[in-house]
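Here's the structure we're looking at; comments come further down.
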Protein chains: 2
Amino acid sequence: MAGKRATINDVASLAGVSIATASKALNGRQDVRAATRERVLAAAAELSFQPNALARGLLSGQTRTVGLLTSDSVGRFGIPVLLGAEDAFGAGEMAVLLCDARGDAIREQHHLRALLSRRVDGLIVVGESTNPRPSVSKDLPVPVVYAYGPSEDPSDVSFVPDDVGAAAMAVNHLLALGRRRIAHITGPSHYKAARDREEGFHRALAEAGVAQAGQTMSGVWSQRWGRHAAEMLLMADPGIDAVFCGSDQIAAGFVEGVRERGRRVPDDIAVVGYDNWEVLSTETRPALTTVDMNLEVLGRTAAQHLFAAIDGKATPGIHTLPCQLVIRDSTSPPGVS
Amino acid sequence: MAGKRATINDVASLAGVSIATASKALNGRQDVRAATRERVLAAAAELSFQPNALARGLLSGQTRTVGLLTSDSVGRFGIPVLLGAEDAFGAGEMAVLLCDARGDAIREQHHLRALLSRRVDGLIVVGESTNPRPSVSKDLPVPVVYAYGPSEDPSDVSFVPDDVGAAAMAVNHLLALGRRRIAHITGPSHYKAARDREEGFHRALAEAGVAQAGQTMSGVWSQRWGRHAAEMLLMADPGIDAVFCGSDQIAAGFVEGVRERGRRVPDDIAVVGYDNWEVLSTETRPALTTVDMNLEVLGRTAAQHLFAAIDGKATPGIHTLPCQLVIRDSTSPPGVS
DNA sequence: CTCCTGGACTTAAAGGTTTTCGGAAACGTA
DNA sequence: TACGTTTCCGAAAACCTTTAAGTCCAGGAG
């Protein structure tokens, strides 16, 4: 821990110029002789001068800092968004102030006040699910962009993954493999994600004129439920040849359950998961075909649009971003695996 | 997005007092009559006034903001530390500026400069492994605390989990269950974590006067390696009755491998993992007995000591924090499961 | 009456930077 | 010499808040 930090005043003194000239030299402005600029730069280097962002922000009204407000302690969704945002902002240009409200509205208000008092230039709100959430607050003095979980207010700017389209894509993949008896196991129906994915599932089947195998099985987002669903499904309808699961956790559990009952994946039953959560999708056997929601792209996009909004070019509405089907062994055609 | 924000000047005008009086009233200081304070507070509420943290920081030299510098994109270690830090700082009191260097030294320097120019009060550096890492920089004007990955410089303040002790604890648990032929499967030996855990493993065996079953098997931190190791181990030494794995991923793979070869966990072979990574440790079957490194506690402790260091009470050295053995089904005594 | 005390409030400075505007020097031109 | 132009540099204001120091006044003591 060294002593006091150098100010532009110290730099100016050492270089033998006024503060104004030092400022101009350091910021690469005109109206300063090359030799003088040289001297100032040398002085700044010597003192390892770092401009005080507080003073600068106070004057300009821009802090080059954005707040990221999340409720997703585990970081499943917040982290990719953060990474994407950092990318979009450019290395070191923008800083991100991260707050975790842990699903508590009071805490969220608290964080919100703290962020505003720090004069962030904008705000990204990351939902813990794709369920629409209350708008963070009316009449905020800074623009807000919602990522993953959209705002209830359609005049806000929101970015969500295209769950419907992705589910349809997954089912079309199964249909293309010749599977015709396709079941659907997913999470609780109070999740919009579950409902959207089911909608996509139905749409794709309808377009192909294929009937769903059994009823959609709603449970929880866990491996345990996947295993349990496998038991029930194989009992009730032994003829199924494919399953579209609402999450990788469910898919991983389902694969286990299938194997325990002596059926093979993908030969007997092809399985598609959702999330592309690597620890489950690539490490289990067989590796899971699954939907990647491109959360990093989503985060980057949200950040870019936040930029635009800061510049006064907001793009209100709920924007849907495409997902990607990652094909792995759990849907290999027979004999290929 | 509303118009300009209210300043203390606006509040003072509306309340009909001077700026100084407004400031004193808002900050609960003496020398202001109750009625006057009332008026000021009402005015502030009416304008929804929020003090400008930049101006305050500029004056006081304290920003009530700390930087969290990590290289752990996935958030496996950074997130718990962040949560613990937020806890220690108190809700909304302190803000955390999060930067991810992605293992790149250049990027780290970049972020470091950005953080310093923003005048953070302190810095927490989170390593991606427990391998000692270069000190972030000499003569920084703010205190730095290292979490998870310690600094190479012993005069820095570092907090690391007690891998050696935890491994010994895990092995003692297996010994207490009556297991005597215990093997060790772990990650690459260039990880200090792997070496430390092996050391604890050996120490506990030595203290009990029990010989290790076979040689320590070093691979990578993956399920695939766990499965592979299971094959090799059961081939070479079918008599083993317990395995201590260097990570939950390895343990999960090992359990799969064991089951495929027709042996049972925990009846034939007890398994202990490491990390308590919930998606693996609680969701697999049987649920894994594993070591929890208490990363959230570690983060909170690091944050508390950063506070102390900011107040001039630094505690140099590498501090080792205890881990915790979470006992689950993978080490149940026969017949209990 | 004067002097002092203490309460309630105001003035002004400080913190570090950017920016506008004015000034000074150097130089060329009439 | 007087004047205009260009080039470079400096003084000072502005951003918003906190705080040390100062002002003013009422009331009590002498």
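Per chain, numbering begins at 1; letters A, B, ... match sequence-line order.
Separating the CG atom of A:Asp10 from the C1' atom of C:dG15 is a distance of 13 Å, rounded to the nearest angstrom. Taking atom CZ of B:Arg118 as the reference point, atom P of C:dG16 lies 18 Å away to the nearest angstrom. Atom CZ of B:Arg5 is separated from atom C1' of D:dT17 by 15 Å (rounded to the nearest Å). Straight-line distance from the CD1 atom of B:Ile8 to the P atom of C:dT10: 12 Å, rounded to whole Å. Between the CD atom of B:Glu38 and the C1' atom of C:dA8 there is a distance of 17 Å, given to the nearest Å. Between the CD atom of A:Gln62 and the C1' atom of C:dT18 there is a distance of 14 Å, given to the nearest Å. Following rounding to the nearest Å, B:Asn9 (CG) and C:dT11 (P) show an atom-to-atom distance of 12 Å.
The residue B:Ile19 sits close to a base: some heavy atom pair falls under 4.0 Å.
Note that CG of A:Leu54 and CG of A:Leu58 are 8.0 Å apart. Values are rounded to the nearest 0.5 Å.
With C:dT19, C:dT17, D:dC15 as the candidates, the nucleotide lying closest to the side chain of A:Asn52 is C:dT17. Distances were taken from every side-chain heavy atom of B:Leu58 (C-beta onward) to each of D:dC9, C:dT18, C:dG15; the shortest belongs to C:dG15. Of the candidates D:dC9, C:dG16, D:dC16, C:dG16 carries the atom nearest the A:Leu59 side chain, counting heavy atoms from C-beta on. Of the listed nucleotides (D:dC8, C:dT17, D:dA12), D:dA12 has the atom at the smallest distance from the side chain of A:Ala20. Closest to the side chain of A:Pro51, from the set D:dC9, C:dT17, C:dT10, is C:dT17.
Side-chain nitrogen and oxygen atoms of B:Arg29 include at least one within less than 4.0 Å of the OP1 or OP2 phosphate oxygen of D:dT19. Between B:Ser18 and the phosphate of C:dT10, there is a side-chain N or O to OP1/OP2 separation shorter than 4.0 Å. The side chain of B:Ser23 places an N or O atom within less than 4.0 Å of a non-bridging phosphate oxygen (OP1 or OP2) of D:dT18. For B:Arg33, no side-chain nitrogen or oxygen approaches OP1 or OP2 of C:dA8 to under 4.0 Å. Between B:Asn27 and D:dT18, a side-chain N or O to OP1/OP2 separation shorter than 4.0 Å is present. For C:dT18, the OP1/OP2 oxygens have no side-chain nitrogen or oxygen of A:Ser60 closer than 4.0 Å.
Nearest-nucleotide positions on DNA chain C for A:Asp31 and B:Arg37 put B:Arg37 closer to the 5' end. Along DNA chain C, the nucleotide nearest B:Leu54 and the nucleotide nearest B:Thr21 are compared for position; the residue whose nucleotide lies closer to the 5' end is B:Thr21.
Aromatic ring pairs are classed by plane angle as parallel below 30°, tilted from 30° to 60° and perpendicular above 60°; the pair B:His305 and B:His319 is tilted.
Using modelled atom types, one finds no donor on one side chain facing an acceptor on the other under 3.5 Å when comparing A:Asp156 with A:Ser158. When only modelled atom types and interatomic distance are considered, B:Thr65 and A:Arg118 share a side-chain donor-acceptor pair under 3.5 Å.
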### Task
Show the numbers, then the answer: is there a salt bridge (Lys or Arg N to Asp or Glu O under 4.0 Å) between A:Glu108 and A:Arg133?
CA-CA 13 Å; A:Glu108 182 173 292; A:Arg133 46 150 296 152; 2.8 Å; yes
Could you list the donor-acceptor pairs under 3.5 angstrom formed by side chains in residues 8-16 of chain B, with sequence neighbours left out?
residue, atom, partner, partner atom, Å
B:Asp10, OD2, B:Thr7, N, 2.9
B:Ser13, OG, B:Asn9, O, 2.9

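Contact of A:Lys24 with C:dT17 (side chain to base): no donor-acceptor pair of N or O atoms is detected under 3.5 Å.
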